[in-house]
Amino acid sequence: MLRRFNKVLNYNFCYISRIHSSSKACKPALKITKKMFKSAVFNLQEATADQVQEFLNSFDTVLSDCDGVLWINNNAIAGSPEAMNYFRKMGKRIFYVTNNSTKIRSDFAVKAQELGYIAEPEEILSTAYLVAHYLKGIGFTKKVYLIGSNGIGDELKAVGIRHIGVGPDQVKTDFKSMNPSDLDPEVGAVVVGFDEHISYPKFMKAASYLSNEECLFIATNTDERFPKSSSIIIPGTGTLVRAVETCSERKALVLGKPNDYVKKFLESFGLNPGRTLMIGDRCNTDIEFGVRCGFQTLLVMTGVTSAKEVEKIRNEKTAPLPDVVLPKLGDILNLTSS
């Protein structure tokens, strides 16, 4: 499967490069700047005006996570739209890099626009999009059993891949009464994303399909939980992925941050790692992704990671360490005007 994965990386990245070769986003950055504040967990609010300006001049491309950095649920985080639009006004290239698989790229773009961001579908890199193009790239022709939402389903449909499984699966009184005839013999891959309709029958079907070692096992991401807007904890896709891995006794190929598929995908845009900034709200996905890619990293505390956790990370030097931190992304505007 690893050999197949490497082949599809080469296929997809050549294909994507041709698509984008005529766009501004493909122009390679020529300037190279030494990475500032490397792994310093430095509070950018304590920087001098000259340091702030040097920091802003040290990158040409901005990659930003969405949930917890730009918005929570359907509400923009104060100051974030203005900050992202300010980066664009400065001439930075913008990409929205999200592990959220519940929407197609055009829907993410519409949501961003409604919340005050300048955004185009081509600037959205979601895990639903990655799954579809990974399978398309390896020439997959069978059906997908999908533990997920219409976001992935619609992206699969867009590239001509059939799927089943979206929506509720009725739990029978005798949950053990499932028969082999309940399984679709055309299924050749199990894909796990976020699914609010998760159920015991879905786990049974996923594990049963995966008992065939030829069946592919793909996951969008392993985020443990969603950013909090209240005291209620919403388990993330990682919860479902681990459950399927447990009952199938197999490991999923994970395509979302911080994994290499996203890195290689972005390299197809001609990004210069040393001139790229990754903004995120959690260390084990966003910041880890940035560190692996050689990007500069900015951690904000409006999502998963709290100010208390940042202090612990700083004191204990727990890797991966962000380069700089801010309470919220919009604070960058206060620093540029001071």
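Small disclaimer: the values here were computed from a predicted structure and weren't measured.
- When all heavy atoms of Y96 and I118 are compared, the pair lying nearest together is OH-O, 2.7 Å.
- At a threshold of 4.5 Å between non-hydrogen side-chain atoms, the residues R292 and P258 count as touching.
- Between L70 and L329 there is a side-chain heavy-atom pair separated by less than 4.5 Å.
- N334 and Q45 share no donor-acceptor pair across their side chains, judged by distance under 3.5 Å alone.
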Decide side-chain contact (heavy atoms from CB on, under 4.5 Å) for F108 and T98; before the verdict, give the C-alpha distance in whole Å, the side-chain angles of both, and the deciding distance to 0.1 Å.
CA-CA 10 Å; F108 272 117; T98 176; 4.1 Å; yes
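- For the atom pair E288 CD and C293 SG, the distance stands at 9.5 Å (nearest 0.5 Å).
- S80 and Y117 make their closest contact through CB-OH, 3.1 Å (heavy atoms, listed as atom of the first residue, atom of the second, distance).
- Shown here are the ring-ring contact (aromatic ring centres under 6.0 Å, His included) partners of F289, two or more places apart in sequence or in another chain: F295.
- For T302, the side-chain hydrogen bond (donor to acceptor under 3.5 Å, both in side chains) test picks out no residue, with sequence neighbours left out.
- Remark: the backbone N or O of G256 is not paired with any side-chain donor or acceptor of N99 at under 3.5 angstrom.
- At least one donor-acceptor pair under 3.5 Å links the side chain of K92 to the backbone N or O of L56.
- Note that CD1 of I332 is 12.0 Å distant from CE of M84, once rounded to the nearest 0.5 Å.
- Annotation: side chain of L335 is in contact with side chain of L44 (closest heavy-atom distance under 4.5 Å).
- Aromatic ring orientation, Y261 versus Y134: perpendicular (interplanar angle above 60°, classes split at 30° and 60°).
- Taking the side chain as every heavy atom from C-beta outward, I279 and V62 approach each other to under 4.5 Å.
- Remark: side-chain polar atoms of T305 are not paired, donor with acceptor, to backbone N or O of M301 under 3.5 angstrom.
- For the residue pair T237 and V192, the shortest heavy atom distance occurs at CG2-O, 4.1 Å.
- Put simply, the side chain of L298 reaches to within 4.5 Å of the side chain of L277, judged on heavy atoms.
- Here N259 contributes atom CG and T127 contributes atom OG1; the two are 11.0 Å apart, rounded to the nearest 0.5 Å.
- Annotation for N315: atom CG counts as buried by contact number, over 12 foreign heavy atoms lying within 6.0 Å.
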For the pair L135 and L156, evaluate side-chain contact (heavy atoms from CB on, under 4.5 Å) and give the outcome as yes or no after the intermediate values.
CA-CA 9 Å; L135 290 172; L156 290 172; 3.9 Å; yes
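- Tested against L216, the residues V190, I138, L210 include a single side-chain contact (heavy atoms from CB on, under 4.5 Å) partner, I138.
- Judged by distance alone, the side chain of Q51 and the main-chain N or O of T48 form a donor-acceptor pair under 3.5 Å.
- One hydrophobic cluster holds both I94 and M90 under the rule that ILVMFWY side chains link at heavy-atom gaps under 4.5 Å.
- The ring of F95 has its center closer than 6.0 angstrom to the ring center of F269.
- Taking the side chain as every heavy atom from C-beta outward, L333 and Y86 approach each other to under 4.5 Å.
- Taking 4.0 Å as the cut-off between side-chain N and carboxylate O, D154 and K157 do not count as a salt-bridged pair.
- Remark: side-chain polar atoms of N85 are paired, donor with acceptor, to backbone N or O of G116 under 3.5 angstrom.
- The shortest heavy-atom contact between A252 and I218 is CB-C, 4.5 Å.
- Sorted by first and then second residue, the side-chain hydrogen bond (donor to acceptor under 3.5 Å, both in side chains) pairs with a member in residues 185-202 read R162-E186, D195-K202; sequence neighbours excluded.
- Side-chain atoms of D281 come within 3.5 Å of backbone N or O of V304 as a donor-acceptor pair.
- Note that CG of N100 and CG of D67 are 5.0 Å apart. Values are rounded to the nearest 0.5 Å.
- Atoms CG and CD1, from D223 and I234 in turn, are 13.0 Å apart once rounded to the nearest 0.5 Å.
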Report the C-alpha separation of H133 and V159 in whole Å, then their side-chain angles, then the decisive distance to 0.1 Å, and conclude whether the side-chain contact (heavy atoms from CB on, under 4.5 Å) test is met.
CA-CA 8 Å; H133 280 267; V159 296; 4.0 Å; yes
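- Shown here are the side-chain contact (heavy atoms from CB on, under 4.5 Å) partners of D182, two or more places apart in sequence or in another chain: K172, M178, N179.
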Dump the intermediate steps for side-chain contact (heavy atoms from CB on, under 4.5 Å) on L266 and L125, then the final yes or no.
CA-CA 9 Å; L266 284 165; L125 181 53; 3.9 Å; yes
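- In this structure, the side chain of R88 does not engage the main chain of R93 through any donor-acceptor pair within 3.5 Å.
- The CD atom of E311 lies 4.5 Å from the CZ atom of R314; values are rounded to the nearest 0.5 Å.
- A cation-pi contact, defined as under 6.0 Å to the ring centre and within 45° of the axis, is absent between K251 and F217.
- Applying side chain to side chain donor-acceptor pair (under 3.5 Å) to E224 and the options T285, T239, N284 leaves one that passes, N284.
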What do the steps show when you test D65 against K257 for salt bridge (Lys or Arg N to Asp or Glu O under 4.0 Å), and what is the final call?
CA-CA 10 Å; D65 180 45; K257 296 174 294 183; 2.8 Å; yes
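- In this structure, the side chain of S101 does not engage the main chain of G193 through any donor-acceptor pair within 3.5 Å.
- What you find for C283 and P322 is that their closest heavy atoms are SG-CD, 4.3 Å.
- In terms of heavy atoms, Q296 sits closest to S58 at NE2-OG, 2.8 Å.
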List the atom pairs, donor and acceptor, that lie under 3.5 Å between side-chain atoms in residues 139-151 and the rest of the protein, sequence neighbours left out.
from	atom 1	to	atom 2	distance (Å)
K143	NZ	D184	OD2	2.7
S149	OG	G151	N	3.3

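- E123 places a side-chain N or O within donor-acceptor distance of the main-chain N or O of E120, the cut-off being under 3.5 Å.
- Formation of a donor-acceptor pair under 3.5 Å by the E155 side chain with backbone atoms of R105 is found in this model.
- Note that R275 lies outside the cation-pi zone of F59, set by a 6.0 Å cut-off to the ring centre and a 45° limit from the axis.
- Sorted by first and then second residue, the side-chain hydrogen bond (donor to acceptor under 3.5 Å, both in side chains) pairs with a member in residues 107-116 form an empty list; sequence neighbours excluded.
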